[in-house]
**Student:** 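First the structure, then my questions, so here it is.
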Amino acid sequence: MADRRRWLAEGEGDPARRTLSNHAMTAEAGLPVCEALVAQGRGDHAAVVGLLWPLRRRLQVFGGSHAQRDAVQRTLLESALASGDYDRARLLLSERDGLRPDSPYNWLGRARLADAIGDAALAAVARGRAEGAAKGLRPAAPGLGAVPEPPR
């Protein structure tokens, strides 16, 4: 990472270099993601949130597979939960639910959030929804029980 920081600093005075896609991607996404992963390894979850939060809606810009971008999004969510940033965790889970309302991971995240804020009843419901989602069941509507996926 130190090498990339130096490389970025060397290009600061050169407008042509700053417009290079590699330079821009490294500065705007690559280096912050790398720093966030190192911070997560150290257990500095607040730093992870600080580094990844501004990138969360722009990850597709720097490429990578859906799975790689999802791994970064999950890292952000896990660190928000671990750092006690429950409002951000709730928002991140809501964003994920909008894309994959039947995801067991998302429901388990909701269960962990509910546990963290002391809502055991909500945590139990979310765990039940995660189990149903893992079995291929999906909710028919908010508040209703799960229904099987229609045959294809």
**Student:** Hydrophobic clustering (ILVMFWY, side-chain heavy atoms < 4.5 Å, transitive) - are Leu93 and Val125 grouped together?
**Tutor:**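 The answer is no; the residues belong to distinct hydrophobic clusters.
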**Student:** Roughly how far, to the nearest 0.5 Å, is the CD atom of Glu35 from the CG atom of Asp44?
**Tutor:**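 So the CG of Asp44 and the CD of Glu35 are separated by 11.5 Å.
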**Student:** Quick check: is Tyr86 connected to Trp53 through a chain of hydrophobic side chains (ILVMFWY, heavy atoms under 4.5 Å apart)?
**Tutor:**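 Yes; tracing contacts between hydrophobic side chains, which count when under 4.5 Å, links both residues.
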**Student:** Answer with yes or no whether the side chains of His45 and Ser79 bring together a donor and an acceptor at under 3.5 Å.
**Tutor:**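 Short answer, yes.
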**Student:** I would like to know whether Tyr105 and Arg100 meet side-chain contact (heavy atoms from CB on, under 4.5 Å); could you show each step before the answer?
**Tutor:** CA-CA 10 Å; Tyr105 174 82; Arg100 295 262 336 261; over 6 Å; no
**Student:** Per the side-chain contact (heavy atoms from CB on, under 4.5 Å) rule, which among Leu92, Leu59, Leu77, Val72 passes with Leu52?
**Tutor:**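 Of the listed options, the one satisfying the test is Val72.
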**Student:** Could you measure the distance from the CG atom of Leu113 to the CG atom of Asp119? Nearest 0.5 Å is fine.
**Tutor:**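 Rounded to the nearest 0.5 Å, the CG-CG separation comes to 9.5 Å.
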**Student:** May I ask you to decide whether Asp97 forms a salt bridge with Arg110, counting only side-chain N to carboxylate O separations under 4.0 Å?
**Tutor:**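 The answer is yes: the pair qualifies as a salt bridge.
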**Student:** Rounded at 0.5 Å granularity, tell me how far CD in Gln40 sits from CG in Leu76.
**Tutor:**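 With rounding to 0.5 Å, CD (Gln40) is 10.0 Å from CG (Leu76).
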**Student:** Taking Gln68 for its side chain and Ser65 for its backbone only, find out whether a donor-acceptor pair lies under 3.5 Å.
**Tutor:**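 At least one qualifying donor-acceptor pair exists.
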**Student:** If hydrophobic clusters are built from ILVMFWY residues whose side chains come within less than 4.5 Å, do Leu91 and Val48 share one?
**Tutor:**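 Linked within one cluster.
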**Student:** Report the distance from atom CZ of Arg56 to atom CZ of Arg88, rounding to the nearest 0.5 Å.
**Tutor:**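 So the CZ of Arg56 and the CZ of Arg88 are separated by 8.0 Å.
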**Student:** With a 4.0 Å cut-off on N to O distance, would you call Arg112 and Asp115 a salt bridge?
**Tutor:**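 Salt bridge absent between Arg112 and Asp115.
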**Student:** Side chain of Trp107, backbone of Pro101: donor and acceptor closer than 3.5 Å?
**Tutor:**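 Judged by distance alone, yes, a pair lies under 3.5 Å.
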**Student:** Look at the side-chain heavy atoms of Ile, Leu, Val, Met, Phe, Trp and Tyr, link any pair under 4.5 Å apart, and say whether Leu51 and Leu55 land in one connected group.
**Tutor:**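 No.
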**Student:** Distance check, rounded to the nearest 0.5 Å: Arg58 atom CZ versus Arg69 atom CZ?
**Tutor:**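 Between Arg58 CZ and Arg69 CZ, I get 14.0 Å after rounding to 0.5 Å.
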